[in-house]
S.K.: 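The structure follows.
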Amino acid sequence: MVTYIIRRLIAAILMLLIVSMVTFAIFFLVPRLAGATPEGMASRYVGRTASEETAKLAAERLGFNDPVIVQYGNYVKGIVFGAEYDYGPGVETCPAPCLGYSFITRQPVWPDLLDRMPVTFSLAVGAAVIWVLVGVGIGVVSALKRGSLFDRAAMTVALAGVSLPIFFTGLISLVALSYGNPFSIFAQGGHYTPITENPIMWAYNLILPWVTLAFLFAAGYARLTRAGMLDTMNEDYIRTARAKGLAERVVVTKHGLRGALTPIITIFGLDFGLLIGGAVLTESTYSLQGLGKYAVDAITNNDLPKVMGVTLLTAVFVIVANLIVDLLYAVVDPRVRLS
Amino acid sequence: MTVSPATDAFLELRDLRIHFPTDDGLVKSVDGLSYRLDRGKTLGIVGESGSGKSVTSLGVLGLHNRRNAQVSGEIWLDGLELVSAPEDVVRGLRGKKMAMIFQDPLSAMHPYYTIGNQIIEAYRIHNKVSKSVARKHAIDMLGRVGIPQPDRRVDDYPHEFSGGMRQRAMIAMALSCDPELLIADEPTTALDVTVQAQILDLMRDLQREFDSALIIITHDLGVVAELSDDILVMYGGKCIEYGSTDDIFYNPEHPYTWGLLGSMPRLDREPTDRLQPIKGTPPSLINVPPGCAFSPRCPYGSRTGGLSTGEVPELTESRGGHKVRCHMPPAERRSIWESDVKPMLETT
Ligand SMILES: Nc1ncnc2c1ncn2[C@@H]1O[C@H](COP(=O)(O)OP(=O)(O)O)[C@@H](O)[C@H]1O
Ligand SMILES: [Mg+2]
């Protein structure tokens, strides 16, 4: 068990290194390969209006002329120790962990990310609670009542759920339920109240995005759970559980669902990790200032350090979520501990 | 519900039928089966795979889903009729009054729970005791079925046990509530030969100790030779021969039973020539052939003057409780056995 944990940890750290290299390469190496000059890249930092002279100087000072390895080393060093950007006209400090510095907003990226995290996190956690409960619940009932009207209706809705894009369901929900036509029950987009300030308003403002986001995922989870339950409920050990005289409810939950849980946990880890890195579409649709919206805005403004920072953060979330899933695996399935 | 007088037998099946409607047609897995069994006695149910043995025993425990199985007939257990009893009543008996041991203990045990937890669960369904009391009981049961260091092994998972140990644990689980009826469905089929013998010994000892009624289901007559008092030979969802173990081994009257005897692995024969499998395959239970279900494979069918392919033979008493479902006259069957079959089985 201990070796299993250590192995997973090492794998996660290696993965992080590789991901950071790849991200770095995508943002700093690929443009160069595509023909961007160091001056061209530096001009993004100091503004397009700057003279060629300034750009050249900035490129030199920001290290764009250095080999990529050195640049990468500096980036990693910045994350650990912080960095200072001397771009000619002045020096900007970026304290550790420095995930880059935006010369457009003249802000280090990390505090921005910290600022945005609660929004995205609130969105993800609320939606996850809804979709897991609803999706798994519907999946179980569908499997037990296979072929029934409920099953067919649920699976049709689920198919719609996985195929309808967020901006469609999201906009419909906004138009129907919050902009006064016909109902104006829920908050309009763009509102966020921190949970520490007012938990009720926090939930109220997030209900629509939660439900919209959860609908998408619940659909997939319902299908996955249904398939898993159909498999496990046919297992011999279910028959054994019944032969003991267990009540059917216990057979279904303690024996059936428990057996069907492993793939659900895996998918959940991936989905959730990706989501707390930014629910791009939902945040955009509901104008929530989360990490996803941050990334979109950064891309629109061509603000490379921000894009890079948020990408790396998402990668960290996904890797950590995966690590947790791997460890949970060993808890859920004792056979994993041996191998 | 048919009003029939209760039976004095501990377990009695009367004309049990279990049919499954499927897209291909009605599968008549059990078709008019009757037998009785007393406390402390052992019944062996023997037949090739697909003859309806497992479906029968699952039926006794009421484990068929009423949505896809049509169950009719009567199952009397200790004065209570189970086919018409409410599901809750039958569930209360499962595990406590009647328990089952399954063929493959690896798939029959939940891979995610320890052996101990699975026994504890079985015990606590019917006994309102604390977890620690149930745990002591589980360790005690594991010890009684011959698992070394039961206080340590109780926390192991099924995959950490060997096949034989797993089957012992399965037996411990089935016996944990001291059931009066124990059904073992091919308890040794998944095990290798030496372990098979150990498990059979264990079951015999435990049955004496617990004084339960025992049903052993197998496709191998050798398994029940020493254990059972009576043997029921099943074919195509029906009983085709029933008698004491001596009747079946020394005076078998049905050609199918002769075939089973001939295909029985025996230690005193060379492994190479020991098997004389019955030619042909068991009948489809959807389109059971007209007449005797065994007739397409029966070497003596022609002796009945076309009867065997025209009419389903009745199960008739031959002598002293020995029943046979065959169109051939009893005297003819006995003479074929004595003059043709028996000498052949003895020489090979
Ligand atoms: N739920 C079911 N639906 C349809 N057919 C079934 C079902 N369960 C068992 N059968 C059929 O009943 C027949 C007898 O099966 P079984 O009792 O398992 O045989 P065995 O004697 O090997 O234990 C088989 O042909 C099997 O396909
Ligand atoms: Mg079977």
Side-chain angles (χ1 to χ4, degrees), chain A residues 1 4 140-152 225 228-266 325-339, chain B residues 54 57-58 60-65 67-68 87-115 117-127 155-160 169-170 173-177 179 182-185 190:
Chain A
M1 187 67 195
Y4 175 79
V140 169
V141 177
S142 262
L144 296 181
K145 297 185 183 289
R146 176 189 199 175
S148 68
L149 195 65
F150 175 90
D151 179 29
R152 273 179 273 171
T225 308
M229 281 299 280
L230 285 179
D231 278 352
T232 45
M233 289 307 283
N234 271 327
E235 293 280 355
D236 287 356
Y237 57 74
I238 295 295
R239 199 182 50 193
T240 311
R242 291 201 179 109
K244 290 176 179 179
L246 271 182
E248 190 61 20
R249 186 179 42 81
V250 184
V251 173
V252 168
T253 51
K254 193 175 164 192
H255 292 255
L257 190 55
R258 176 71 198 268
L261 218 51
T262 320
I264 298 172
I265 289 179
T266 317
V325 166
D326 278 345
L327 299 183
L328 265 184
Y329 245 39
V331 177
V332 171
D333 187 346
R335 288 171 299 186
V336 171
R337 287 172 219 166
L338 282 188
S339 50
Chain B
S54 297
S57 39
L58 293 175
V60 172
L61 266 80
L63 287 175
H64 289 297
N65 188 337
R67 270 186 298 154
N68 62 32
E87 161 63 20
D88 274 0
V89 172
V90 181
R91 192 202 313 133
L93 301 177
R94 282 206 285 269
K96 169 134 192 70
K97 187 129 188 149
M98 49 188 180
M100 191 149 170
I101 297 167
F102 294 99
Q103 171 169 348
D104 179 3
L106 185 57
S107 62
M109 290 201 156
H110 203 298
Y112 296 171
Y113 295 106
T114 61
I115 299 275
N117 276 335
Q118 300 190 50
I119 299 177
I120 289 169
E121 180 183 50
Y123 188 58
R124 290 187 76 209
I125 295 169
H126 304 288
N127 299 277
D155 294 319
D156 281 358
Y157 288 90
H159 66 264
E160 296 171 285
M170 185 91 209
M173 187 161 89
L175 291 178
S176 64
C177 295
L182 184 63
I183 304 180
D185 190 352

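Below, read A as the first sequence line, B as the second, and so on, with proteins coming before strands; counting in each chain starts at 1.
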S.K.: Taking the six-membered ring for Trp, are B:H110 and B:Y113 parallel (under 30°), tilted (30 to 60°) or perpendicular (over 60°)?
M.R.: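 Judged by the thresholds at 30° and 60°, the geometry between B:H110 and B:Y113 is perpendicular.
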
S.K.: With chain A, which of B:T114, B:L106, B:L63 has the greatest number of heavy-atom pairs at distances under 4.5 Å?
M.R.: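 The candidate making the most pairs under 4.5 Å is B:L63.
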
S.K.: Measure across B:Y112 and A:G259 and return the closest heavy-atom pair with its distance rounded to 0.1 Å.
M.R.: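 Here B:Y112 and A:G259 meet closest at CE1-CA, 3.8 Å.
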
S.K.: Of the listed residues (B:M170, B:Q118, B:Q103, B:K96), which shares the most heavy-atom pairs with chain A below a 4.5 Å separation?
M.R.: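 Looking at each option in turn, the highest pair count goes to B:Q118.
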
S.K.: Only one of A:V325, A:L328, A:V332 forms a side chain to side chain contact (heavy atoms under 4.5 Å, CB included) with A:T262, so which one is it?
M.R.: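 Output: one option passes, namely A:V332.
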
S.K.: Looking at chain A, which one of B:M100, B:M109, B:R67 has the largest number of heavy-atom pairs inside 4.5 Å, strictly under?
M.R.: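 Looking at each of B:M100, B:M109, B:R67 in turn, B:M109 comes out on top.
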
S.K.: Counting only heavy atoms closer than 4.5 Å, note whether B:A122 contacts chain A via side chain, backbone, both or neither.
M.R.: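 Both backbone and side chain.
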
S.K.: Between B:G95, B:A108, B:A174, which shows the greatest number of heavy-atom pairs under 4.5 Å with chain A?
M.R.: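 Highest number of heavy-atom pairs under 4.5 Å: B:A108.
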
S.K.: Do B:R94 and B:E87 pass the salt bridge (charged side-chain N to carboxylate O under 4.0 Å, His left out) test, and can you show the C-alpha distance, the side-chain angles, and the key distance before you say yes or no?
M.R.: CA-CA 11 Å; B:R94 282 206 285 269; B:E87 161 63 20; 3.1 Å; yes

S.K.: Heavy-atom cut-off 4.5 Å, strictly under: side chain, backbone, both or neither for A:A241 against chain B?
M.R.: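 The answer is neither part of A:A241.
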
S.K.: Are A:R242 and A:E248 close enough, and set up right, to give a salt bridge (charged side-chain N to carboxylate O under 4.0 Å, His left out), and what steps lead you there?
M.R.: CA-CA 7 Å; A:R242 291 201 179 109; A:E248 190 61 20; 2.9 Å; yes

